[in-house]
Amino acid sequence: MDLNQLEWYRGKISSLSICIFICIGRAFFIRRKNMDSKQLTVQALQKVLPDDISEEQITNLIEKPKSSDLGDYAFPTFILAKSLHKAPNMIAEDLVGQIDQDGFEKVVNTGAYVNFFLDKGNFSNNILHTVLSEKENYGNADEGKGGNVPIDMSSPNIAKPMSMGHLRSTVIGNSIAKIITKLGYKPIKINHLGDWGTQFGKLIVGYKKWGSQAEVEADPINNLLKYYVRFHKEAETQPELDDEARAWFKKMEDGDQEALNLWTWFRKLSLAEFQKVYDRLDVTFDSYNGEAFYNDKMDDVIKTIQDKGLLEESRGAEIVDLSELDLSPALIRKTDGATLYITRDLAAAIYRKNTYHFVKSLYVVGSEQSEHFKKLKAVLKKMGYDWSDDIHHIDFGLITNGGKKLSTRKGRVILLENVLNDAVDLAKKQIEEKNPDLKNKDEVAEAVGVGAVVFHDLKNERRDNFDFNLEEVVRFEGETGPYVQYTNARALSILRKAKTDDYQNADDLSLDDSEAWDTIKLLQQFPEIVDRAGQKYEPSVVAKYALKLAKSFNQYYAHSKILTEDDGLNARLGLVKSVSIILQMSLGLLGVRAPEEM
RNA sequence: GUCACAGUGGCUCAGUUGGAUAGAGCAACGGUCUUCUAAACCGUAGGUCGCGAGUUCGAAUCUCGCCUGUGACACCA
């Protein structure tokens with residue numbers, strides 16, 4: 001490298017570092033100012049409140065009024081009534097008289113509250129600059145510090161169709177993965193396939209009795225399901241079928257070629273079918289290690305349990321007693337020597353710890369299994385693994401149909417694929433009706449239809465049960481995914497129609513408009529929303545926020561003309577752009593696509 | 001029976017750490033497209049926050065009891 005080149009590099013490097021320095025400095029400065037809007041309020045109060053009330057107490061007492069009519073922060077004076085021997089509303093009135101209103105739009109009292117109104121122009125200028133410069137990094141945090149977090153999710157059973165129940169686990173897990181990524185963790189999405197167990201014995205019996213290779217290949221899952229359902233029906237009157245099934249599963253475990261070949265074939269066909277659904281949902285996995293993967297890891301686990309003196313015999317089975325925790329015993333090995341669900345999960349938990357050295361390990365599994373996870377953690381704890389505390393069961397409520405639990409065995413399932421197809425068909429109809437000139441109709445219909453189903457699943461608290469209702473799931477009006485998508489599409493449409501993009505570099509983005517105020521405040525809330533969603537493993541926090549932001553923005557632009565050539569144009573466009581950035585990010589965190597037009 | 005979770009307008013649900021007249025969306029009724037996509041916006045009507053005590057200046061929110069629903073409760077996963 002000659003001298004000239006060296007100089008050139010130096011120049012590059014130094015100008016780059018200056019740029020980085022300025023950018024970071026600016027972002028930091030802006031963020032400080034935003035965070036300080038509450039701090040400003042605290043300080044204003046502290047100067048006029050009695051000394052025995054600490055800054056911390058004031059911070060905790062300050063609340064955000066439900067309505068902007070009552071300001072942006074409010075301080076209730078009730079607790080001062082006793083010590084000051086005065087009525088709360090008198091205290092509030094006195095405080096308002098003493099408070100230095102500098103930096104606020106105004107400070108007034110309403111009854112017993114002191115209400116602080118922030119300087120809208122200043123606040124909006126700061127927040128819009130922040131969002132426009134940080135873009136999709138807005139709201140990022142480093143809480144996770146790159147720690148691995150395996151997420152056990154989706155986990156459908158081989159040879160059975162994916163039901164709405166699997167949808168829940170899949171989309172909740174997927175969304176949590178995205179949310180915690182934003183918080184600095186590294187999720188490892190594991191599809192813990194149900195690919196082992198006695199049901200395969202049943203399936204083989206059913207296939208051999210009533211099936212054919214051609215039939216299975218034509219429509220694998222539906223036909224395999226058909227055999228399975230028929231097996232259960234016929235076994236009611238012919239109990240000897242159950243014995244046959246057990247024998248076939250035993251053959252699998254003993255390595256019988258015919259049994260294993262069938263099993264491998266079923267598994268392969270099923271995975272290919274599942275993949276179609278995952279593609280539509282935009283969900284990928286880092287591992288497909290299911291139950292079968294742990295077959296050869298069971299002995300070690302059982303040996304460890306035994307070595308620690310935890311294994312007991314009871315009624316012919318081997319168990320770990322958990323009665324001191326008010327839990328029923330964990331069945332490690334059946335009377336016939338076969339292992340069980342919890343044995344495999346113990347092996348999996350230990351494997352994941354050893355392989356990923358996780359900081360947390362999540363299981364997105366229905367709440368009917370909460371007992372199982374309590375036992376799992378308890379056994380691990382007894383084995384001396386303190387990291388059992390890092391295991392979290394992310395439970396969710398079950399989906400019923402007509403108030404009844406769905407059951408694969410009885411053939412009462414809601415097929416996810418049908419639901420998605422219905423939703424997409426309906427979306428297509430809507431597009432033909434409302435926007436017939438749209439270019440990529442099918443692609444948009446897919447995004448909207450699937451988005452509606454996914455959003456519907458995520459918008460309520462995980463643990464809520466819900467009764468399946470097709471009309472409700474594929475609804476496009478009101479509090480739905482398409483509503484958020486539509487709001488974003490319209491925002492983008494405005495930006496396309498704007499003759500300028502000067503707002504991207506404008507210094508002044510202050511927007512002193514009460515119509516826009518709620519939206520602006522919502523933009524500022526986004527980072528704490530992501531954080532809360534992550535702490536609670538609750539995608540619905542993001543979904544509800546997205547609805548709130550969309551609604552507030554819809555209200556704003558239904559009443560205000562954005563594309564007007566005046567001094568406020570840059571700020572308004574900056575707001576539209578910021579809203580679209582955050583709506584897209586929110587939808588992204590939920591695993592819902594955001595079409596540019598619809 | 002034991003344990004867990006839930007109970008908010010006709011339906012589906014919101015409601016950070018207890019706070020100001022309990023909020024939305026569907027459905028119902030009425031209004032708004034010559035003006036940035038009406039999948040939108042505005043308005044009207046609709047609630048003893050399951051019931052009863054307790055704590056508190058103050059409870060949908062915390063504690064206790066009861067009622068109702070759902071789920072789990074040893075060889076399924």
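If you're wondering where the values come from, they're calculated on a predicted model, not measured in any experiment. In what follows, chains carry the letters A, B, and so on, assigned in the order in which the sequence lines appear, proteins first and then strands, with residues in each chain numbered from 1.
Checking B:rA40, B:rU37, B:rU70 against every side-chain atom of A:S493, the shortest atom distance belongs to B:rU37. In this structure, the nucleotide among B:rC36, B:rC13, B:rC57 sitting nearest to the side chain of A:K497 is B:rC36. Listed nucleotides B:rC13, B:rC76, B:rC42 differ in distance to A:T198; the shortest reach to its side chain belongs to B:rC76.
Summary of the strand contacts: A:N435 and A:P65 both lie near RNA chain B, and taking for each the nucleotide with the nearest heavy atom, the more 5' one is attributed to A:P65. In terms of position on RNA chain B, the residue among A:N460 and A:Y557 whose nearest nucleotide sits closer to the 5' end is A:N460.
Within a heavy-atom distance below 4.0 Å of RNA chain B, no residue of residues 437-445 of chain A is found. Shown for residues 561-575 of chain A: residues whose heavy atoms fall under 4.0 angstrom of RNA chain B, namely A:K561, A:I562, A:L563. The stretch residues 483-492 of chain A comes close to RNA chain B through A:Y483, A:Y486, A:A489, A:R490, each having a heavy atom under 4.0 Å from the strand.
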For each nucleotide in nucleotides 21-29 of chain B, reading 5' to 3', give B when a protein heavy atom comes within less than 4.0 Å of its base, S when such contact involves only the sugar-phosphate, and - otherwise. ---BSS---
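Donor-acceptor pairing under 3.5 Å, judged by distance alone, is absent between the side chain of A:N109 and the base of B:rA20.
Under a 4.0 Å N-O distance rule, the pair A:K428/A:D425 does not qualify as a salt bridge. With salt bridges taken as basic N to acidic carboxylate O contacts below 4.0 Å, one links A:E528 and A:K64.
Counting only residues at least two apart or in different chains, side chain to side chain donor-acceptor pair (under 3.5 Å) contacts with residues 449-461 of chain A comprise A:R168-A:D457. Contacts classified as salt bridge (Lys or Arg N to Asp or Glu O under 4.0 Å) and involving residues 70-93 of chain A (residues at least two apart or in different chains) are given here: A:D72-A:K521, A:K86-A:D94. Residue pairs meeting the side chain to side chain donor-acceptor pair (under 3.5 Å) criterion with at least one partner in residues 491-501 of chain A, sequence neighbours excluded, are A:T500-A:D502.
Under the 3.5 Å distance criterion, the side-chain polar atoms of A:R572 are matched with a main-chain donor or acceptor of A:T564. For A:T198 (side chain) and A:R246 (main-chain N/O), no donor-acceptor pair under 3.5 Å exists by modelled atom type.
Other residues, nucleotides and ligands contribute only 12 or fewer heavy atoms inside 6.0 Å of the CD atom of A:E56.
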Give me the distances for all protein-to-nucleotides 72-74 of chain B N/O pairs that come in under 3.5 Å?
residue : atom : partner : partner atom : Å
B:rA72  : OP1  : A:K405  : NZ           : 3.2
B:rA74  : N7   : A:R315  : NH2          : 3.4
B:rA74  : N6   : A:R315  : NH2          : 3.1
B:rA74  : N1   : A:S314  : OG           : 2.9

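A syn base is found at B:rC33: its glycosidic angle is within 90° of 0.
Counting non-hydrogen atoms under 4.0 angstrom, A:Q199 reaches nothing in the nucleic acid.
Considering only residues two or more places apart in sequence or on other chains, A:Y227 meets the side-chain hydrogen bond (donor to acceptor under 3.5 Å, both in side chains) condition with A:E215. Partners of A:K250 according to the side-chain hydrogen bond (donor to acceptor under 3.5 Å, both in side chains) rule, which considers only residues two or more places apart in sequence or in another chain, are A:D254.
Rounded to whole Å, the separation between the C1' atoms of B:rU16 and B:rG52 comes to 29 Å. Nucleotides B:rC64 and B:rU55 have their P atoms positioned 15 Å apart, rounded to a whole Å.
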Pairing annotation in dot-bracket form, given for RNA chain B with Watson-Crick or G-U pairs under 3.5 Å and | for cross-strand partners: (((((((..((((.....[...)))).(((((.......))))).....(((((..]....))))))))))))....
If you look only at distance, which donor and acceptor atoms sit under 3.5 Å apart when one is on a side chain in residues 540-548 of chain A and the other is two or more places apart or in another chain?
residue : atom : partner : partner atom : Å
A:S540  : OG   : A:E538  : OE1          : 3.0
A:Y545  : OH   : A:L522  : O            : 2.7

